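Computed over heavy atoms, backbone and side chain alike; hydrogens, waters and symmetry mates excluded. Computed from a prediction, not measured in an experiment: that's the story for all the values here. Along the sequence shown, residues carry numbers from 1.
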Amino acid sequence: QDVTEIAYWMNWLARRKPGPVVIVGHSYGSLQSLIYAADKPSPALRQVIALSLVDAERQSKPDTAAAMLSDAKKRIARGDKQLVSYPLGYCKKYVSTPQSFLSYARWHRPDILRLSRQSKVPLEVIMGGSDDRMGMDWPRQLGAAGNHVQGIAGANHFFDAEHEFDVLDLTVSLLKSGEKKN
């Protein structure tokens, strides 16, 4: 539903303001933006800036993740649409239907790397240098998949404290360099 909503607002914006549009997403918002950009994005979309791009693979212990995925799939198979509490990312209790949970939890590293190669627009990735949420090798894997990845030394997943200005400056710089290309 989030990706459908991105498409709705992109179409709404394109009807009102011609010209290039850039999506800036953070964490799962980066993933949702990438899913949109790899499918059938609006012709107005010129770039995606992904801050702290995540995958669900590293969000839980492997045995716990497999059990949660299995549980959600079984609930869906029997038509169970009751709300269930699953841990997801920083949310210890992500309350949703099993179908909604799977829409987030099914995205694993190979899928995201494939999507990044299929993106119809340039993808810029900004990662915190101390963001170990995806493992310290994640930025290298994104780069090896052909993505432009920049790090902010010392920053965590949220770029908080003194790093909020660094991520702002880098984002503005990427927006300006994108304008020059258009």
List for me each residue that meets salt bridge (charged side-chain N to carboxylate O under 4.0 Å, His left out) alongside Asp71, sequence neighbours excluded, and say none if there are none.
Arg75
Considering all heavy atoms, the nearest [X]-[Y] contact:
X      : Y      : answer
Leu31  : Leu53  : N-CD1, 3.6 Å
Arg117 : Ala145 : CG-O, 3.2 Å
Ala44  : Ala14  : CB-CB, 4.2 Å

Between His163 and Phe158, is the gap from one ring center to the other below 6.0 Å?
no
Between Tyr86 and Tyr94 (judged by ring centroids, cut-off 6.0 Å), do the two rings come close enough to count as a pair?
no
Should Leu174 and Ile126 be marked as a side-chain contact (heavy atoms from CB on, under 4.5 Å) after you check the CA-CA gap, both sets of side-chain angles, and the distance that decides it?
CA-CA 10 Å; Leu174 291 171; Ile126 302 174; 3.7 Å; yes
Under the side-chain hydrogen bond (donor to acceptor under 3.5 Å, both in side chains) definition, can you give me all pairs with a residue in residues 146-158, not counting sequence neighbours?
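Qualifying pairs, neighbours excluded: Ser27-His157, Ser116-Asn147, Glu124-His148, Asp131-His157, Asn156-Asp160.
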Which residue pairs satisfy the side-chain hydrogen bond (donor to acceptor under 3.5 Å, both in side chains) criterion with at least one member in residues 6-20, sequence neighbours excluded?
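Output for this query lists Glu5-Trp9.
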Can you tell me how far [atom2] of [Y] sits from [atom1] of [X], rounded to the nearest 0.5 angstrom?
X      : Y      : atom1 : atom2 : result
Gln47  : Ser119 : CD    : OG    : 10.0 Å
Arg114 : Gln118 : CZ    : CD    : 5.0 Å
Met68  : Leu88  : CE    : CG    : 7.5 Å

Between [Y] and [X], is there a side-chain heavy-atom distance shorter than 4.5 Å?
X      : Y      : value
Tyr28  : Trp107 : no
Val22  : Val48  : no
Met127 : Phe159 : no
Ile152 : Val167 : yes
Arg46  : Val121 : no
Leu51  : Ile49  : yes
Arg109 : Trp138 : yes

Check for a donor-acceptor pair, side chain of Ser85 on one end and backbone N or O of Lys93 on the other, with a separation under 3.5 Å.
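No, because the side chain of Ser85 does not come within donor-acceptor range (under 3.5 Å) of the backbone of Lys93.
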Report yes or no: does Ser103 contribute a side-chain atom to a donor-acceptor pair with the main-chain N or O of Ser100 at less than 3.5 Å?
yes
Over 12 non-hydrogen atoms of neighbours within 6.0 angstrom of CD in Gln99
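Open.
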Run Val84 and Val95 through side-chain contact (heavy atoms from CB on, under 4.5 Å) and show every step you take.
CA-CA 5 Å; Val84 182; Val95 179; over 6 Å; no
For side-chain contact (heavy atoms from CB on, under 4.5 Å), just list the numbers for Ile23 and Met10, CA-CA rounded to whole Å, side-chain angles, deciding distance to a tenth of an Å, and then say yes or no.
CA-CA 9 Å; Ile23 295 177; Met10 282 295 299; 4.1 Å; yes
Take Phe101 and Arg106 through the side-chain contact (heavy atoms from CB on, under 4.5 Å) test and state the conclusion after the steps.
CA-CA 8 Å; Phe101 169 72; Arg106 71 182 182 95; over 6 Å; no
Members other than Val172 in its cluster, when Ile, Leu, Val, Met, Phe, Trp, Tyr link by side-chain heavy atoms under 4.5 Å?
Leu168
Output a table of donor-acceptor pairs, distance under 3.5 Å, between side-chain atoms of residues 33-41 and any protein atom two or more places apart or on a different chain; print 'none' if there are none.
from: Ser33; atom 1: OG; to: Gly29; atom 2: O; distance (Å): 2.7
from: Tyr36; atom 1: OH; to: Ser42; atom 2: N; distance (Å): 2.7

Which pairs with one or both residues in residues 136-147 pass salt bridge (Lys or Arg N to Asp or Glu O under 4.0 Å), sequence neighbours excluded?
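Sorted pair list: Asp137-Arg140.
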